[in-house]
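Structure, as structure tokens:
FYI, the numbering just counts along the sequence from 1.
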Amino acid sequence: MKIMIVDDEVIIRNGLCTVIDWKELGLELLPPASSAEEALDRIPTERPHIILTDIRMSGKTGIELAKEVNERFPDTEILILTGYDDFGYAQQALREGVTDYLLKTSRPEEIIKAAMKAKQNIMEKWELSAQDNLKQAALRKQLLEQLLTTGLSEDSHALEQIRQWFRKHHVEKSEGELIPMQVMLLSASGWGDKTFVELLQGAAENILIELVPSISLLSKDRVLLVMRCEVGLTDYNGLLQILRRVERTLKCTVYAALGRMVTSYEQLKLSYQEAQIVYSYKGVIESEGLFTLNDVKERSGGRSVCTEKEEAELAALLMSNNATDLRHWVNQTVRAQIEDPASVPATLQGFLHSIVISGYRWIERHKSGQDNATLKITAPAERNFELDGRPEDEVFMLLSSIMSAYHHTISQSRFSYIHKSIAYIKDNLDQNLSLQQVAKFVHLNPNHFSEVFKRETGFTYLEFVTQERMLRAVGLLGSTDSKVSEVARRVGYEDIKYFTQQFKKHTGQTPSEYRGSLRNTEE
């Protein structure tokens with residue numbers, strides 16, 4: 001905060017400059033002025049917040065100075081210092097907006113007290129102004145969001161406020177003149193640490209509002225611009241050059257989504273909706289550049305559910321407890337879907353979620369057993385993966401936690417290799433599962449493995465495998481429309497006749513009879 005002393009007596013000027021430590025009071029002392037005329041010449045440039053002036057000076061008086069300053073710079077605080085103890089002068093000074101009236105015979109502490117009062121007045125004005133600006137900004141943001149989402153009535157006071165705001169920033173040139181406008185959503189990235197995301201968006205916004213006739217709304221991770229359309233400036237090529245300038249200046253990358261051009265305030269919500277759709281493709285089409293609806297409208301949607309083969313591959317990887325192989329598989333599988341030219345954000349989100357759910361289904365299948373009772377892990381609610389980052393890292397993190405939890409739990413059990421073998425059996429029921437193959441998987445002698453397996457499960461190895469296959473077959477017959485031959489193959493039987501015999505032995509019905517009984521029950 002700055003203070004200027006104005007007095008035509010050099011002794012008084014120098015005395016006031018030296019007898020009080022203005023810096024210690026938090027005030028920057030400007031060079032003193034020897035007349036009201038000199039002060040008036042310098043004030044527009046130096047902008048003092050407080051003026052301490054004599055009343056009677058050669059040329060204009062301090063009261064005349066106070067009057068002019070009050071008219072041109074009404075927020076300036078003025079202190080009158082004079083040798084004339086005259087109530088008439090005091091009254092006239094107060095009428096011109098003077099903060100305080102002091103005699104030249106006043107002690108330094110009295111002058112300090114008056115200066116501190118003036119400083120406090122200014123700080124209160126600043127605070128009120130800041131609060132008012134915040135309120136106005138919040139109101140404008142609320143009205144603009146309403147305009148873009150639901151619209152505003154053509155004759156409403158709120159719309160008129162918006163239009164005044166647009167005219168102030170040259171988005172609308174003059175009242176009643178319709179200028180084409182469009183919405184652009186953009187985000188800047190490349191500063192690394194996520195704590196700088198909001199700072200980077202703010203820096204990008206500052207550059208854009210200087211280059212583009214627009215109003216802006218800044219959120220934590222993106223900038224919204226409503227722009228006036230102007231050939232050569234805000235057309236596609238012009239905007240592309242502006243975005244490149246932002247990137248060069250801030251050493252970042254920018255992804256921008258452009259809505260349609262509209263000619264009325266009511267249509268702005270259509271431009272905003274289009275921009276939102278295109279913006280949602282960030283990371284799906286590219287993570288940098290300027291895009292419109294034409295760049296995404298041909299996409300029909302990719303897969304939203306992982307295949308049975310992919311689920312089986314994942315199960316094998318989770319059982320292997322090899323984080324490197326799991327990461328490689330996740331990276332390859334996710335990246336293939338992201339790069340699918342048909343993918344849209346919704347199907348990609350569904351696909352990523354289905355992979356994670358497959359992992360949770362795998363662990364649910366292997367939670368049975370007394371030793372696994374401590375394995376408490378539940379599938380999360382559907383989440384939104386960050387498609388513009390590395391969603392494969394998020395997927396790997398979730399699957400890795402499942403894998404670690406399972407293997408940590410079974411490692412605590414007495415016969416962890418039995419639980420591991422059971423999980424392996426359940427994951428490979430469609431394969432030719434010999435005792436020797438499973439024993440080799442858990443690194444045990446087949447005879448010893450067979451003996452311990454019978455003791456721990458209560459079933460011989462063959463009884464257990466057959467039981468699990470029948471349970472899986474029952475589930476498939478009830479939940480799918482697959483042919484009986486397909487169900488047989490999926491649970492490890494190439495011979496349909498033998499499969500039917502085993503199924504009837506365990507359930508009392510043939511596969512067809514079992515499926516028919518289910519349908520009759522539903523009816």
Side-chain angles (χ1 to χ4, degrees), residues 129-130 133-134 136-145 147-148 162-173 179-262 268 271-283 285-293 295 386-389:
S129 177
N133 287 339
L134 285 173
Q136 289 298 318
L139 176 61
R140 285 196 300 266
K141 179 179 179 181
Q142 181 182 349
L143 291 177
L144 182 58
E145 287 176 344
L147 175 66
L148 296 177
I162 288 287
R163 298 188 71 165
Q164 288 176 10
W165 187 24
F166 277 40
R167 285 195 290 271
K168 179 180 178 182
H169 292 273
H170 311 293
V171 180
E172 183 180 340
K173 284 187 175 179
I179 300 294
M181 299 174 286
Q182 61 191 142
V183 174
M184 183 167 69
L185 293 172
L186 66 116
S187 62
S189 56
W191 282 10
D193 195 326
K194 287 189 175 182
T195 57
F196 293 111
V197 169
E198 192 169 358
L199 180 64
L200 178 54
Q201 309 316 314
E205 180 195 33
N206 289 335
I207 295 173
L208 288 163
I209 58 179
E210 290 296 322
L211 300 176
V212 180
S214 62
I215 59 169
S216 64
L217 287 181
L218 176 65
S219 62
K220 185 177 181 180
D221 58 354
R222 72 181 192 181
V223 181
L224 181 153
L225 290 182
V226 180
M227 309 175 298
R228 187 182 85 223
C229 297
E230 190 171 309
V231 176
L233 179 62
T234 58
D235 56 12
Y236 184 88
N237 290 328
L239 287 173
L240 203 57
Q241 293 303 313
I242 288 170
L243 296 179
R244 295 293 171 263
R245 181 169 172 181
V246 172
E247 291 180 327
R248 288 194 303 270
T249 303
L250 299 178
K251 304 297 186 290
C252 68
T253 58
V254 173
Y255 177 90
L258 198 58
R260 70 174 67 178
M261 187 185 301
V262 298
L268 269 176
S271 184
Y272 176 59
Q273 288 165 3
E274 274 192 14
Q276 279 190 306
I277 291 170
V278 179
Y279 187 83
S280 71
Y281 279 82
K282 184 183 179 187
I285 46 175
E286 293 287 347
S287 292
E288 177 184 5
L290 176 62
F291 301 94
T292 68
L293 195 61
D295 296 305
E386 293 184 15
L387 301 181
D388 59 327

Within a radius of less than 6.0 Å around CZ of Arg244, do more than 12 heavy atoms belonging to other residues, nucleotides or ligands occur?
->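 Above 12, so yes.
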Do other residues, nucleotides or ligands put more than 12 heavy atoms under 6.0 Å from Gln164 CD?
->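 Enclosed.
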Residues in ring-ring contact (aromatic ring centres under 6.0 Å, His included) with Phe291, at least two apart?
->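 Result, ring-ring contact (aromatic ring centres under 6.0 Å, His included) vs Phe291: Tyr255.
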Could you state the interatomic distance from [atom1] ([X]) to [atom2] ([Y]), rounded to the nearest 0.5 Å?
X      : Y      : atom1 : atom2 : value
Leu186 : Ile242 : CG    : CD1   : 11.0 Å
Ser271 : Leu148 : OG    : CG    : 8.5 Å
Leu290 : Tyr236 : CG    : OH    : 4.5 Å
Leu225 : Met181 : CG    : CE    : 13.5 Å
Met184 : Leu208 : CE    : CG    : 5.5 Å
Leu143 : Trp165 : CG    : CH2   : 8.5 Å

Hey, are the side chains of [X] and [Y] touching, using non-hydrogen atoms and a 4.5 Å cut-off?
X      : Y      : answer
Ile209 : Ser214 : yes
Met227 : Leu239 : yes
Leu147 : Val226 : no
Leu293 : Arg260 : no

If you look only at distance, which donor and acceptor atoms sit under 3.5 Å apart when one is on a side chain in residues 275-283 and the other is two or more places apart or in another chain?
unit_1	atom_1	unit_2	atom_2	d
Gln276	NE2	Tyr272	OH	3.1
Tyr279	OH	Ser187	OG	3.2
Ser280	OG	Ile277	O	2.6
Lys282	NZ	Ser187	OG	2.7
Lys282	NZ	Asp388	OD2	3.4

Just by distance, do the side chain of Glu247 and the backbone of Thr253 share a donor-acceptor pair under 3.5 Å?
->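 Absent.
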For the side chain of Thr234 and the backbone of Arg228, is there at least one donor-acceptor N/O pair under 3.5 Å apart?
->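 It does hold such a pair.
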Taking all non-hydrogen atoms of both residues, which atom of Met261 and which atom of Cys229 are closest, and how far apart?
->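 Met261 and Cys229 have their closest heavy atoms at CG-SG, 3.5 Å.
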Distance-only donor-acceptor pairs under 3.5 Å for side chains of residues 197-206, two or more places apart:
unit_1	atom_1	unit_2	atom_2	d
Gln201	OE1	Ala188	N	2.9
Gln201	NE2	Ala188	O	2.7
Gln201	NE2	Val197	O	3.2
Glu205	OE2	Ser216	OG	2.5
Asn206	ND2	Gly202	O	3.3

